[in-house]
Protein chains: 2
Amino acid sequence: MNLTQSIKRPTLHEELVERLRDLVVEDALKPGEKVPEKDLCASFGVSRTPLREALKVLASEGLVELQANRGARVTEVTRQELENTFPLIAVLEQLAGEQACTHMDAAAIAHIAQRHDDMIAAYKARDRQAYFQANQDIHNALIEGAKNEVLEAHHRMLAVRVRRARFMVNLSDERWSQAIAEHEQMMEKLHARDAEGLGALMKQHMLNKFTAHMKAFGADDAA
Amino acid sequence: MNLTQSIKRPTLHEELVERLRDLVVEDALKPGEKVPEKDLCASFGVSRTPLREALKVLASEGLVELQANRGARVTEVTRQELENTFPLIAVLEQLAGEQACTHMDAAAIAHIAQRHDDMIAAYKARDRQAYFQANQDIHNALIEGAKNEVLEAHHRMLAVRVRRARFMVNLSDERWSQAIAEHEQMMEKLHARDAEGLGALMKQHMLNKFTAHMKAFGADDAA
DNA sequence: AAACGTAATTATGAATTCATTATTCAGTCA
DNA sequence: TGACTGAATAATGAATTCATAATTACGTTT
């Protein structure tokens with residue numbers, strides 16, 4: 001009998017929210033596509049009730065749009081939405097940076113420093129995969145380090161919407177080296193626990209990232 | 001036959017989301033209280049299906065907590081949550097102020113100026129009701145003026161959570177006059193379309209507001 | 001009387017059913 | 001041929017039903 005492992009049996013609809021969100025984020029369900037309840041029910045092996053509950057939640061997150069009597073469609077990722085979302089993420093990261101400086105303990109900072117070194121190594125090896133992973137770990141750790149669950153929740157929601165644009169693959173050498181330089185500065189500020197400084201850097205880091213990406217995104221309206 | 005009025009019959013679950021959210025925000029459903037599906041279904045005259053869908057959405061907004069097989073409870077408003085939420089709202093208002101300066105047209109600014117004068121009048125008449133209304137109109141207009149729907153949505157979500165603490169009634173004379181002074185400055189910046197300036201003022205305005213309120217909130221953990 | 005264990009009751013999660021609205025498709029008429 | 005009508009089909013919104021977990025009520029034991 002195992003007493004240490006707490007039982008957790010997520011409800012069906014929670015499970016479905018996760019799975020469906022992944023489908024949207026991973027682009028298995030394409031923007032504009034309608035979400036056929038029946039098919040999804042069949043492939044997940046559940047009835048429509050929990051699936052429809054999940055769709056309602058996804059709609060409130062803005063990943064799908066519900067039209068009365070006409071079902072759900074995956075929302076399009078528009079340039080306008082991205083341009084609205086970017087500065088929002090930027091100020092959230094700024095706040096996260098400030099709060100992380102005051103709330104992270106030495107061990108947590110050391111962990112970030114480790115991942116930072118990993119990231120630098122990946123950069124030198126031109127290993128995009130490892131770079132992206134380390135980069136994301138660092139940002140997540142900083143968000144988490146802010147010890148602000150409300151901030152974390154909203155940041156995650158916004159990040160999901162941006163990730164759908166999947167322009168992360170477009171990373172010029174120029175932008176890459178600039179990003180590395182920015183991260184170096186961020187580490188300095190973090191070690192110095194310069195809240196204002198780290199916050200300002202993280203905000204600018206994000207804005208630069210987005211500027212670079214939007215260039216790649218082009219002048220058209222849709223993804 | 002009326003052709004001008006477009007038919008809009010919101011789905012039941014959307015209606016219920018609104019109604020239930022109001023019940024939580026207006027404190028008809030008290031924090032910690034369990035939400036009895038059966039009773040609510042009876043009072044709304046609907047079946048459990050749409051009501052449960054609505055609860056899922058409210059849960060994703062953080063207004064209720066769902067426990068598997070044990071139904072929904074209204075989430076408590078903790079001091080921790082408020083302290084997490086305040087700075088978030090502050091930076092969102094800051095961003096809103098910046099974007100409003102660049103995106104609002106003259107008419108919209110004139111409208112805000114009008115409401116600002118109303119607010120001043122209400123202040124002089126010590127009419128709290130009118131003051132709060134004008135104040136909220138101004139803030140909403142500024143958020144809306146940012147022309148950023150993503151920002152607007154997240155701001156609304158956060159504002160709902162704070163409104164539940166309903167400490168807005170506690171407004172000292174000192175804080176009240178300070179708030180008026182801050183609004184005067186904000187109007188100046190808005191007229192000058194000083195984005196940075198208005199943003200900074202709005203952020204600080206919020207932080208001051210929250211500091212004042214948290215004093216009233218006391219040292220205990222719960223509302 | 002208090003604590004435990006068990007049965008009855010209730011509430012919840014999920015599947016199913018029903019009613020209504022969209023959509024598709026065949027047939028008609030210009 | 002092509003646009004329109006209307007029936008047939010399919011999909012959705014919501015109610016109902018069913019199965020199971022949680023809560024309550026009750027009786028037993030110490």
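Atom set for the values below is all heavy atoms of this structure, side chains included, hydrogens, waters and symmetry mates excluded. Within every chain, numbering begins at 1; the chains are lettered A, B, ... in the order of the sequence lines, protein sequences first and strands thereafter.
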Distance-only polar pair, side chains of [X] and [Y], donor-acceptor under 3.5 Å:
X      : Y      : answer
B/Q114 : B/D118 : yes
B/D137 : B/H111 : no
A/E152 : A/N148 : no
B/T49  : A/R52  : no

* Taking the side chain as every heavy atom from C-beta outward, state whether B/L158 and A/H154 have any atom pair closer than 4.5 Å. =>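 They are in contact (side-chain heavy atoms under 4.5 Å apart), so the answer is yes.
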* Taking the side chain as C-beta and beyond, is there a heavy-atom pair between A/Q94 and A/E98 under 4.5 Å? ->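 A/Q94 vs A/E98: side chains touch.
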* Asked: Between A/H205 and A/H183, what is the ring plane arrangement, given parallel below 30°, perpendicular above 60°, and tilted in between?
  ->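 Ring orientation, 0 to 90° scale: perpendicular.
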* Asked: To the side chain of A/T11, which of C/dT21, C/dG13, D/dA14 is closest?
  ->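 Out of C/dT21, C/dG13, D/dA14, the nucleotide with an atom closest to A/T11's side chain is C/dG13.
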* **Per B/N69 side chain, nearest of listed nucleotides D/dA22, D/dA15, C/dA22** =>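 Closest of the options to the side chain of B/N69: D/dA22.
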* To do: Using atom CG of A/L66 as one end and atom C1' of C/dA22 as the other, report the distance to the nearest whole Å.
  =>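 The distance from CG of A/L66 to C1' of C/dA22 comes to 16 Å, rounded to the nearest Å.
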* Asked: Between C/dT21 atom P and B/L12 atom CG, what is the distance in whole Å?
  ->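 Value for this atom pair: 14 Å.
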* **With A/T75, the side chain to side chain donor-acceptor pair (under 3.5 Å) member among A/R161, A/R164, A/E61, A/E81** =>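 Per the side chain to side chain donor-acceptor pair (under 3.5 Å) rule, the option paired with A/T75 is A/R164, out of A/R161, A/R164, A/E61, A/E81.
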* **Neighbours of DNA chain D within residues 36-56 of chain A, by heavy-atom distance under 4.0 Å** =>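 A/E37, A/K38, A/R48, A/R52, in order of number.
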Can you tabulate the close N/O pairs, meaning under 3.5 Å, that link protein atoms to atoms of nucleotides 23-25 of chain D?
unit_1, atom_1, unit_2, atom_2, d
D/dT23, OP1, B/R70, NE, 3.2

